[in-house]
Amino acid sequence: MPELPEVETIKNDLKSNVIRKKIVSVDLGKPRIVKNRGSEFKKQLVGNEFIDISRIGKLLIISLKRGGLLLLVHLKMTGQLIYCHQGKYVAGGHSLPKLGSSLPNKYSHVIFKFTDNSKLFFNDLRQFGYLQLIKRGDLKKVTNNYGIEPLQFNFKPERLAEIFKKRTAPVKSLLLNQKLIAGIGNIYADEVLFAAGVLPDRQAKSLSNKEVKKIFVASQKIIALAIKHRGTTFNDYVDADGNVGSFVKFLKVYGRQGKTCFRCGATVKKTKVAGRGTHFCPECQK
DNA sequence: CTTTCTGTTAGAAA
DNA sequence: ATTTCTAACAGAAA
């Protein structure tokens with residue numbers, strides 16, 4: 001689940017819950033999840049506080065009060081960041097544990113405990129995600145690997161056209177390339193291309209200005225809508241306030257292979273493009 | 001049982 | 001320089 005809208009949701013939820021709480025302990029169940037030495041990681045974090053949380057693409061950036069450090073958190077495919085206070089869960093990842101189930105579970109690889117006895121769990125079934133402490137001064141090296149975001153003020157159709165120009169790769173693989181455009185993952189790439197009426201395996205350089213513009217508009221619309229609906233996709237997530245976020249009901253092609261296209265009635269197909277499962281309507285998308 | 005698939009991406013190979 | 005493929009891992013589905 002964690003693409004830009006999901007990470008944005010997690011960031012906002014965490015901001016209203018863990019900021020300025022003192023960390024009293026850090027448990028490392030699976031030390032390799034943390035890219036730093038375990039002893040150094042604990043030493044820097046215990047007694048410290050999270051003072052701000054931001055995001056670039058799908059990467060969370062947590063500012064620490066002391067030490068001039070930043071904590072980077074990437075959830076990759078199955079990572080979760082779940083805050084638990086007095087039995088209530090807030091924020092998430094690809095799916096939250098069922099309500100009533102308890103944490104930690106067997107996938108809780110890093111656990112932060114705060115002075116008010118609340119906890120922040122980093123869970124990850126496949127263990128692709130990671131946490132990493134870096135010096136503030138090294139942030140630039142990290143952000144250099146990220147391209148423009150769909151909702152960034154200076155993202156324009158011309159910019160997208162520039163990215164597509166001269167490239168022979170399928171348009172979908174460019175939408176997924178974080179160095180070019182940050183935040184779009186497999187679900188939203190398919191949804192954006194459906195909304196734009198463009199086949200995922202079209203060579204980027206073959207797209208007309210009109211098609212580029214449609215992809216531009218669709219990317220902004222869909223990412224904004226997904227954020228509005230808390231980006232929730234395949235889960236039964238309910239947050240502490242009882243709000244259900246479910247972007248899954250807006251999905252037009254993702255996971256709908258074999259079903260009827262909402263727009264034209266043709267059968268939605270699934271193939272592989274750029275090594276990823278790819279869903280599209282062969283009638284609506286050209 | 002084995003094989004294939006899965007929301008990511010760094011890094012190698014082509 | 002760009003594009004494609006694979007590995008990292010665990011578990012569900014076929």
Side-chain angles (χ1 to χ4, degrees), chain A residues 1-10 29-35 55-60 72-81 91-97 105-110 122-132 134 141-147 149 162-193 200-206 222-223 226-227 229-237 245-248 250-251 253-258 270-279:
Chain A
M1 163 179 137
E3 301 181 33
L4 190 159
E6 291 75 30
V7 179
E8 177 71 14
T9 301
I10 292 166
K30 277 257 193 314
R32 51 181 204 77
I33 294 289
V34 170
K35 288 193 171 184
R55 174 192 63 70
I56 180 164
K58 306 168 192 174
L59 181 71
L60 283 168
L72 306 182
V73 183
H74 202 302
L75 302 173
K76 292 286 183 89
M77 286 173 76
T78 53
Q80 308 176 317
L81 264 184
H94 81 293
S95 69
L96 278 179
N105 60 28
K106 62 190 286 201
Y107 309 116
S108 302
H109 305 312
V110 182
F122 176 86
N123 304 332
D124 194 354
L125 185 149
R126 289 174 73 177
Q127 305 172 36
F128 292 171
Y130 64 86
L131 289 80
Q132 180 181 24
I134 63 164
K141 277 189 263 179
V142 175
T143 58
N144 278 345
N145 292 317
Y146 289 85
E149 295 200 0
E162 187 62 30
I163 289 169
F164 290 164
K165 201 170 121 187
K166 293 186 189 168
R167 289 184 192 259
T168 59
V171 61
K172 175 168 174 175
S173 74
L174 300 188
L175 291 180
L176 290 174
N177 186 332
Q178 303 299 301
K179 283 193 166 182
L180 302 175
I181 302 159
I184 296 179
N186 205 34
I187 295 174
Y188 296 117
D190 283 0
E191 294 299 312
V192 164
L193 289 170
D201 64 353
R202 281 280 299 280
Q203 279 199 146
K205 68 178 184 183
S206 78
I222 288 171
I223 295 296
I227 290 172
H229 291 276
R230 301 177 55 80
T232 311
T233 47
F234 300 126
N235 61 46
D236 49 1
Y237 169 76
S246 185
F247 190 77
V248 69
F250 294 90
L251 297 179
V253 286
Y254 190 89
R256 296 198 66 250
Q257 63 273 21
K270 179 173 181 185
T271 56
K272 196 155 273 211
V273 174
R276 310 294 300 279
T278 297
H279 313 73

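Numbers restart at 1 for each chain; the letters A, B, ... are given by sequence-line order, proteins then strands. Heavy atoms only: backbone and side chains are in, while hydrogens, waters and symmetry mates are out. It should be emphasised that the depicted structure is a prediction, and the values quoted were computed from it without experimental measurement.
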Students often get this wrong, so: under 4.0 angstrom with heavy atoms, is A:Gly129 touching a base, only sugar-phosphate, or nothing?
nothing

Walk along nucleotides 9-14 of chain B from 5' to 3' and tag each nucleotide B, S or - by protein heavy-atom contact under 4.0 Å, base first, then sugar-phosphate.
B-----

For nucleotides B:dC1 and C:dC9, find the distance between their P atoms and express it as a whole number of Å.
23 Å

Check the phosphate of B:dT6 against A:Lys272, side-chain N and O only, distance under 4.0 Å to OP1 or OP2. Yes or no?
yes

Which residues pass the salt bridge (charged side-chain N to carboxylate O under 4.0 Å, His left out) test with A:Glu149, not counting sequence neighbours?
A:Arg55

Intra- and inter-strand pairing of DNA chain B, written as dot-bracket with Watson-Crick and G-U pairs under 3.5 Å and | for the latter, reads .|||||.|||||||

Mind calculating the distance between CD (A:Gln127) and C1' (C:dA7) to the nearest angstrom?
14 Å

Would you please name every residue forming a side-chain hydrogen bond (donor to acceptor under 3.5 Å, both in side chains) with A:Ser206, sequence neighbours left out?
A:Arg202

Considering residues at least two apart in sequence or located in another chain, which fulfil the salt bridge (charged side-chain N to carboxylate O under 4.0 Å, His left out) criterion with A:Lys106?
none

Detail all sub-3.5 Å separations between protein N/O atoms and N/O atoms belonging to nucleotides 2-6 of chain C.
unit_1 : atom_1 : unit_2   : atom_2 : d
C:dT3  : OP1    : A:Thr168 : N      : 2.8
C:dT3  : OP1    : A:Thr168 : OG1    : 3.4
C:dT3  : OP1    : A:Ala169 : N      : 3.0
C:dT3  : OP2    : A:Arg167 : NH1    : 3.2

Tell me if the side-chain of A:Arg126 makes a donor-acceptor pair with the base of B:dT6, cut-off 3.5 Å, by modelled atom types.
yes

Just call it for A:Lys30: base, sugar-phosphate, or nothing, with non-hydrogen atoms closer than 4.0 Å on any strand.
nothing

From CZ of A:Phe128 over to P of C:dA10, roughly how many Å is that when rounded to an integer?
9 Å

CD of A:Glu191 versus C1' of B:dG7: gap in Å, rounded?
13 Å

Separation of B:dT8 atom C1' from A:Ile187 atom CD1, nearest Å, is 12 Å

So A:Lys270, base contact, sugar-phosphate only, or nothing? Heavy-atom distance under 4.0 Å.
sugar-phosphate

I'd like the P distance from C:dA7 over to B:dT3, given in whole Å.
15 Å

Counterpart residues, side-chain contact (heavy atoms from CB on, under 4.5 Å), relative to A:Asn145 (two or more places apart):
A:Lys179

According to side-chain hydrogen bond (donor to acceptor under 3.5 Å, both in side chains), who are the partners of A:Gln127, at least two apart in sequence or on a separate chain?
A:Arg32

Taking atom C1' of B:dT8 as reference, at what distance in whole Å does atom CD1 of A:Ile181 sit?
16 Å

Run the numbers on A:Leu75 and A:Ile10 for side chain to side chain contact (heavy atoms under 4.5 Å, CB included), then give the verdict.
CA-CA 11 Å; A:Leu75 302 173; A:Ile10 292 166; 3.6 Å; yes

Evaluate the side chain to side chain contact (heavy atoms under 4.5 Å, CB included) criterion for residues A:Leu4 and A:Ile227: first the C-alpha distance (whole Å), next the side-chain angles of each, then the deciding distance (0.1 Å), finally the verdict.
CA-CA 8 Å; A:Leu4 190 159; A:Ile227 290 172; 3.9 Å; yes

In residues 164-171 of chain A, what donor-acceptor pairs under 3.5 Å come from side-chain atoms, sequence neighbours left out?
unit_1   : atom_1 : unit_2   : atom_2 : d
A:Arg167 : NE     : A:Ile163 : O      : 3.0

What is the distance from atom OH of A:Tyr254 to atom CZ of A:Phe247, rounded to the nearest 0.5 Å?
13.0 Å

Give a yes/no answer on whether the side chain of A:Tyr107 brings an N or O atom under 4.0 Å of OP1 or OP2 in C:dA10.
no

A:Ile10 CD1 to B:dG7 P, in whole Å, measures 17 Å

For C:dT3 and B:dG7, measure between their C1' atoms and round to the nearest Å.
22 Å

Can you list everything that forms a side-chain contact (heavy atoms from CB on, under 4.5 Å) with A:Arg276? Sequence neighbours excluded, please.
A:Lys172, A:Leu176, A:Asn186

Non-neighbouring partners of A:His109 that pass ring-ring contact (aromatic ring centres under 6.0 Å, His included), sequence neighbours left out
none

Just the rounded figure in Å: distance from C1' of C:dA12 to CE of A:Met77.
13 Å

Across all chains, not counting sequence neighbours, the side-chain hydrogen bond (donor to acceptor under 3.5 Å, both in side chains) partners of A:Ser108 are A:Asn105, A:Asn123

Without decimals, in angstroms, what is the distance between A:Gln257 CD and B:dT6 P?
9 Å

